[in-house]
Protein chains: 2
Amino acid sequence: MDFSQDLIRGSVVPIVLALLRNRPMYGYEMVKLVNARTKGRLEWKEGTLYPTLHRLQSLGLVSARWADAPADEAPGRKRKYYSITRKGRTELARRTQEWSQFSLSVNALLLGGRL
Amino acid sequence: MDFSQDLIRGSVVPIVLALLRNRPMYGYEMVKLVNARTKGRLEWKEGTLYPTLHRLQSLGLVSARWADAPADEAPGRKRKYYSITRKGRTELARRTQEWSQFSLSVNALLLGGRL
DNA sequence: CTTGAATACCTCGGCAGCCGATGTATAATA
DNA sequence: TATTATACATCGGCTGCCGAGGTATTCAAG
């Protein structure tokens, strides 16, 4: 479907935080996972994700550590695993709420319903 | 609630087109209406809307004409009324579809549901 | 063995849209 | 008379997305 990039904007941060809710992940994994889970309707680019992760880290919303990939997955390969911080969880809650209000508002206006 | 501007981005165009679906409107009216209908959750700025309207016009998605405000509303006042064109309606359909797919995707990722 | 694809990380500059600030002019209200 | 509301507009700053490009490793195919 190939969304206009303007729609994508602003959704990257909350989605990243949401992905890290349950377990640490590495960047490349997030890209593939988002693209797969949305069947390519969202098509994340590495050129977007990596700078975003660094930004979130500098804001203290995620933390990163290098580690070996599990031996049964990709033995001998190094990956940079990101985890969400306590501060990040607070921000996630805020952003989720924000998204929900926002999407309700837009839906109401677009689909003509009352708010 | 005061959304991050990044979320707003990309939603302005489809909303403008949707507003014009039923009747012509003037810019100032759209700003007030959106702010009121969303109870200030969306807070449109004139500095965003006017350039957007001009852009849409140059793309042939809307047309504009100056006219007197109705005598029972604001007698003696000039307004610039925008209407959606046929091309604009096609674009509206596309954008509505796009938004719907997009918001479903984001919702699924944010709220953890399956797609 | 060498080539190519997949994995996994990264940077940089261009671009486009939102917004704050600012400006103009008129009508209504205090 | 001064202020507020209506109604239009522009402009530059900022920020984030993306295309293009780069490095290095692992693994399968030729």
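Here the structure is a predicted model, which means the values were calculated and not measured. Per chain, numbering begins at 1; letters A, B, ... match sequence-line order.
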Colleague: Which nucleotide sits closest to the side chain of A:Tyr28: D:dA9, C:dC18, C:dC9?
Modeller: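 Of the candidates, C:dC9 comes closest.
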
Colleague: Nearest 0.5 angstrom please: A:Tyr82 OH to A:Leu61 CG, how far?
Modeller: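 Separation between the atoms: 13.0 Å.
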
Colleague: Is the shortest distance from a Lys or Arg side-chain nitrogen in B:Glu91 or B:Arg95 to a carboxylate oxygen in the other one below 4.0 Å?
Modeller: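 Looking at B:Glu91 and B:Arg95, the cut-off is met.
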
Colleague: Between atom CG of A:Leu7 and atom CZ of B:Arg9, what is the distance when rounded to the nearest 0.5 Å?
Modeller: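 Separation between the atoms: 11.5 Å.
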
Colleague: Test: side-chain hydrogen bond (donor to acceptor under 3.5 Å, both in side chains). Region: residues 52-69 of chain B. Which pairs qualify, not counting sequence neighbours?
Modeller: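 As it turns out, the side-chain hydrogen bond (donor to acceptor under 3.5 Å, both in side chains) pairs with a partner in residues 52-69 of chain B, which skip direct neighbours, are B:Asp68-B:Lys78.
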
Colleague: Salt-bridged, A:Glu29 to A:Lys80, with N to O below 4.0 Å?
Modeller: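 A salt bridge is absent here (no side-chain N lies under 4.0 Å from a carboxylate O).
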
Colleague: Is any side-chain nitrogen or oxygen of A:Tyr26 closer than 4.0 Å to OP1 or OP2 of C:dA8?
Modeller: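 Yes, such a contact exists.
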
Colleague: Is there a side-chain polar atom (N or O) of A:Lys78 under 4.0 Å from OP1 or OP2 of D:dT25?
Modeller: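 The answer is no; no side-chain N or O of A:Lys78 sits under 4.0 Å from OP1 or OP2.
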
Colleague: If you only use heavy atoms from C-beta on, which nucleotide in D:dT15, C:dA8, D:dC8 is closest to the side chain of A:Arg9?
Modeller: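 Ranking D:dT15, C:dA8, D:dC8 by closest atom to the A:Arg9 side chain puts D:dT15 first.
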
Colleague: Any N or O donor-acceptor pair linking the side chain of A:Arg79 to the base of C:dT7 at under 3.5 Å?
Modeller: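 For A:Arg79, whose side chain was compared with the base of C:dT7, there is no donor-acceptor pair (under 3.5 Å).
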
Colleague: Separation of A:Asp6 atom CG from C:dG17 atom P, in whole Å?
Modeller: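 Roughly 6 Å, once rounded to whole Å.
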
Colleague: Identify, residue by residue, the members of residues 46-72 of chain B with a heavy atom below 4.0 Å from DNA chain C, and return them in order of residue number, or none.
Modeller: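 Per residue number, the list reads B:Gly47, B:Thr48, B:Thr52, B:Arg55.
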
Colleague: Charged N to carboxylate O under 4.0 angstrom, B:Glu98 versus A:Arg41?
Modeller: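 Salt bridge flag = no for A:Arg41 with B:Glu98.
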
